[in-house]
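Worksheet: the structure to be examined is printed underneath.
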Amino acid sequence: MLNVLSCITHEHDLRLVALSAFICALGCITTVVLLSRARVSSRARQHRWTGFAAVVFGCSVWSLHFVAMLAFMPGQQIAYGLNLTVLSVVIASGGALAAFLVWQGRFPQPVRVALGGTLLGLAITGMHYAGVAAMTFTGFLIFNWDYVAASVVISIGFATLALIRANLLERVSRRFEVAFWLALGICGLHFTGMTAITVAPGMAELNAGTVLGTTTLAVVVGSVSVAILIASLAATFVEHYMSQRALQDLKRMRLLGNLAQEVLLIHSNGVVFEVNSAGERLFKAPASEIIGRPLLSLFAQDSAPLLVRRERFSSQEQPPEEVIFQAADGTQVPVELSSQSIDYLGRPATAVALRDLTARRQDEARILHLARHDALTNLPNRHAFLERLDIALDNAAQHRERIAIAYIDLDRFKPINDLHGHAAGDALLVQVSKRILAELQSSDTLARIGGDEFTMILTSEPQPEKASNVVARIVDALRRPFHIEGHRLEIGASVGIAIYPDDGAAPDTLLRAADVAMYRVKQEGRGGLRFFESSMNTQLHARLQLEQELIGAIERDELLLHYQPLVNGITGEVETFEALIRWQHPQRGLVPPAEFIPLAEETGLIDAIGRWVIETACRDAAGWEQPWRVSVNVSPSQFHHSDICGIVATALRVNQLDPARVVVEVTEGVLIDDATKAVATLNRLRDLGIRIALDDFGTGYSSLSYLQLFRFDKFKIDKSFVRRLGQSEDALTLTRTIVNLGHNLGLHVTAEGVETQAQLEILQALGCDQIQGYLVARPAPMGSFMELDRARTVAQFSKLPPRLSA
Ligand SMILES: Nc1nc2c(ncn2[C@@H]2O[C@@H]3COP(=O)(O)O[C@H]4[C@@H](O)[C@H](n5cnc6c(=O)[nH]c(N)nc65)O[C@@H]4COP(=O)(O)O[C@H]3[C@H]2O)c(=O)[nH]1
């Protein structure tokens, strides 16, 4: 280093050294400006600007060299061989061109920089030593090869450094920096190279061919320097002009870009150099933090292969694709990416548009959730339940485990829904689901698959013990009263349970088994749980068969009516005959109504059967020798679904029957189902002139409120109360209360199911108006009552004068 400095200070004219350094610096800055212009130009123009930059650079190196040579050994008379002198400028410019093209090429960054830097360094070196070789003077040159090697290393090193730093030439400070490294490379090489030379006096052979004298050279170098100066001024002017235009274009594009809702990024060779404000919002950081970043760093790692592939085929049209954008704070955002190769401000680049898919994804998730969940309770629906059941069964099969499938049906839900309105019903269902969930573990599944039907998958071991405990707790929980809209509502639950694999392997089989078990609970009086038993299937099949057989029962004339008398509570005189249906089954014999009326209600067959009962009973009554009343049962579903008023009116008209001889018996279920509509229908029936009785009084749970809704002609105390008369003090108190209540409301009271003399006497003492029961007579074909032992019946009663009641 000291030797180099001493070479500069002792062996050179310092004024010319300073001039050479100035020319070199000017040339380097001009080169950098031209290179930066080349970078933002289209491919055709890029080559032109690059060529221009290479020529300016080559001339700068050349000028520096020869001005510095003029400054070297000012005492010596030196001439320069023309050929080598020209060759030296060709080496410098040609080498620089090769270096710049490599650096701008499509190789990976390290390759571009290393290869470009080496070529540029060699161009400077080649020019220098060709220039040295062109020297012609009296003496010899002795080379110190260490310095020669050092000069080569210096030129390649600084040239490479310059190209490394030339990645962001948009910044003015960076341009100066790059120009500085280039100039250092050139000057470093030249003066180290000159230090490597020792001039030995002596007679050397003069170069053959044309030579340039010092004066000629000075003129040429001066001309070249002036040319560099002009090129520099021109480049500065062009740059300024272009920058202004680019700035305006940029402003306009940024304005448009910022108006866009989509994120717009522009990158070149994978480095972002433009982003709009939507991009700042998505990235959650200012543009300054995005610009200069590798494009890939803005996306999740998984998205990198897709981005690389798109970039590779950027010239082809590609459909939008979904990738994951990664914001500055690490949050990942799904985006739809479209990209397009563009010429951005005269520079080849790729425009990337990103559409935030978060809202769309949320909408899709919401729609998917709605499609798989019950909107009211937010529980999985039937579809989702079946999917989960499939998975649960697969798991259970793999691990050889047992799981339980439960079917829950709420008791008394429909009446509550109808009486208190759907809002109350909905609120009740929500509370029900919460109570059930409170008893379940996170691994269990609860779904709502119908109005008041829920299903569960219980996966925790051991089964069936676990299911038994959990379901028992659920039944208890649902038995506790609910408080909704100021009402105290009591429901219950009937639950059937099936166990995998004991009761089946397929989802359908298991669900049906649980359903069958649940149905059994309903049959047994509701409010409890039953595990499936294979015998239940047999019963289910029997029930299905019965249903099939019932369909044609009317046409086959298999239905018939038995009658049971209702006698005066004081005299024992027959007042009314209640029509009670029977099914004369060809194989089963006489089937009681309890076995087929519920089935008929469920299947809708009750409409036809009920019509048949009314028509037959009216026809029978019209033919009786005495004007006894006839009483018919109308079930709730028949009451609501058929035109009961029309049917009764027609039967009365067809049979010329006095309406006062007909009693319609309904249960409070009729009122529960739709009180307003039911009361209207009851009033229309009353308008026909018939009587209306409330059957099974006392078995419901809010009978008193129903009595206020419609003024019945009478009510019938259910046989469950009568049966306990004489056995418990409570039954007596209750029956007395009911009878008094009826009388206070101005109603007649009938006691049904009277089997013993003791019961009769108590009921008589309580003032019951009418008696029905086996004690008087069992239901039987009407013919048998023609010979009814009137004397025996009447003898059981007191001899008080008869009172007519309904
Ligand atoms: N243990 C006992 N039972 C007595 C006594 N006295 C009468 N019974 C029975 O009590 C039931 C009275 O009818 P219900 O309460 O309306 O109860 C009826 C009624 O709800 C329904 N039903 C019968 N016929 C029809 C009909 O034509 N249409 C509709 N919708 N339902 C009917 O089937 C139910 C049962 O009818 P049945 O089996 O005929 O049963 C009859 C009758 O045989 C007694 O002293 N002891």
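In each ligand, atom 1 is the first atom listed, and ligand 1 is the first ligand listed. Quick caveat, the model's predicted, so the values are computed rather than measured. What you see below is based on every heavy atom in this structure, not just the backbone, and it leaves out hydrogens, waters and symmetry mates.
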Please determine whether side-chain hydrogen bond (donor to acceptor under 3.5 Å, both in side chains) holds for the pair Thr750 and Gln770, giving the CA-CA distance in whole Å, both sets of side-chain angles, and the decisive distance to 0.1 Å. CA-CA 4 Å; Thr750 301; Gln770 212 173 41; 2.8 Å; yes

Numbering the atoms of ligand 1 from 1, which are under 4.0 Å from a heavy atom of Glu578? 13 (O), 16 (O)

Would Asp696 and Lys719 pass as an ion pair if we require N to O under 4.0 Å? no

Within ligand 1, which atoms have a heavy atom of Asp696 less than 4.0 Å away? 15 (O)

What do you reckon, does Lys716 put a non-hydrogen atom under 4.0 Å from ligand 1? no

Is any NZ, NE, NH1 or NH2 atom of the basic residue among Arg479 and Glu490 found under 4.0 Å from an Asp or Glu carboxylate oxygen of the other? no

Has Arg582 got its NZ or CZ under 6.0 Å from the middle of the six-membered ring of Phe596, at an angle within 45 degrees of the ring axis? no

For Gln564, atoms of ligand 1 separated by under 4.0 Å from a heavy atom: 6 (N), 7 (C), 42 (C)

When you check the gap from the basic side-chain N to the acidic O, do Asp374 and Arg448 get nearer than 4.0 Å? yes

Assess His562 for proximity to ligand 1: is some non-hydrogen atom of it under 4.0 Å away? no

Does any N or O atom in Val634 lie less than 3.5 angstrom from one in ligand 1, N or O only? no

Heavy atom of Ala594, distance to ligand 1 below 4.0 Å: no

